[in-house]
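Comments concern the structure below.
Every value quoted in this text rests on a predicted model; they were computed, and no experiment measured them. Every heavy atom of this structure was used, including side-chain atoms; hydrogens, water molecules and symmetry mates were not. One-based numbering along the sequence shown.
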Amino acid sequence: MSARLTIVGSLVERFAAGMSTPRRQQIAREIAAEARGNAAVLTGAYRDGIGTEFRRTVVRVVDEDEDAIYKEYGTSKAPAHAALTDAARRRGRYRGWRPR
């Protein structure tokens, strides 16, 4: 007896994304909490801007401070603080910053 199995990639991806969303949201909350705890504080904008965004199966850890990218990655005159990056790296694969 033989069996034939057809796997539809897009259905599998949607199912996996849906099933993993609650855990990925929890991981995002953990990353944000750790990053807030480790963020450098001058005015508090960098630390207080750290949060999460959830839309359907999309899960993001963000910083709403308009200067966060410079604080996170540094400049030629200021060192990187990397609070978000370091927290994310401790919890899995980090894909880096991408403009929206």
Side-chain angles (χ1 to χ4, degrees):
M1 179 182 284
S2 65
R4 182 170 288 194
L5 177 64
T6 303
I7 298 175
V8 179
S10 61
L11 292 176
V12 171
E13 288 173 10
R14 282 197 311 255
F15 180 75
M19 292 297 293
S20 67
T21 297
R23 179 66 182 128
R24 290 184 295 119
Q25 288 174 339
Q26 181 58 37
I27 292 168
R29 288 184 195 100
E30 291 170 9
I31 291 168
E34 180 182 328
R36 278 190 298 272
N38 293 331
V41 178
L42 183 60
T43 66
Y46 176 55
R47 177 200 58 212
D48 297 343
I50 296 171
T52 55
E53 289 181 356
F54 308 138
R55 198 179 105 238
R56 295 189 185 114
T57 60
V58 176
V59 176
R60 289 190 176 116
V61 180
V62 299
D63 194 322
E64 298 296 333
D65 176 16
E66 63 185 39
D67 293 327
I69 190 167
Y70 307 114
K71 296 168 186 173
E72 183 72 15
Y73 295 111
T75 67
S76 62
K77 297 179 182 179
H81 295 289
L84 281 170
T85 302
D86 291 344
R89 282 186 183 141
R90 282 189 269 285
R91 286 170 178 79
R93 186 176 67 209
Y94 173 70
R95 290 194 254 172
W97 176 78
R98 286 180 279 166
R100 291 187 203 185

Salt bridge (Lys or Arg N to Asp or Glu O under 4.0 Å) against R23, all qualifying residues, sequence neighbours excluded: E30
Contact summary for D63 and A45, nearest pair of heavy atoms: OD1-O, 4.1 Å
Derivation and outcome, side chain to side chain contact (heavy atoms under 4.5 Å, CB included), residues R47 and H81: CA-CA 11 Å; R47 177 200 58 212; H81 295 289; over 6 Å; no
Interatomic spacing from CG in D67 to OH in Y46 - rounded to 0.5 Å: 11.5 Å
Side chain to side chain donor-acceptor pair (under 3.5 Å) contacts touching residues 33-42 (sequence neighbours left out): E34-R90, E34-R91
Between T52 and Q25: side-chain donor-acceptor atoms closer than 3.5 Å: no
Results of side chain to side chain donor-acceptor pair (under 3.5 Å) for T21 - residues two or more places apart only: R24
Taking every non-hydrogen atom, the tightest pair across I50 and A39: CD1-CB, 4.2 Å
Pairwise distance CD(E72) to CG(D65) - rounded to 0.5 angstrom: 11.0 Å
Single-linkage hydrophobic cluster, 4.5 Å side-chain cutoff, V59 and I27 together: no
Nearest-0.5 Å distance that lies between atom CG in D86 and atom CD1 in I31: 11.5 Å
Value rounded to 0.5 Å, distance of CG in L42 from NZ in K71: 7.5 Å
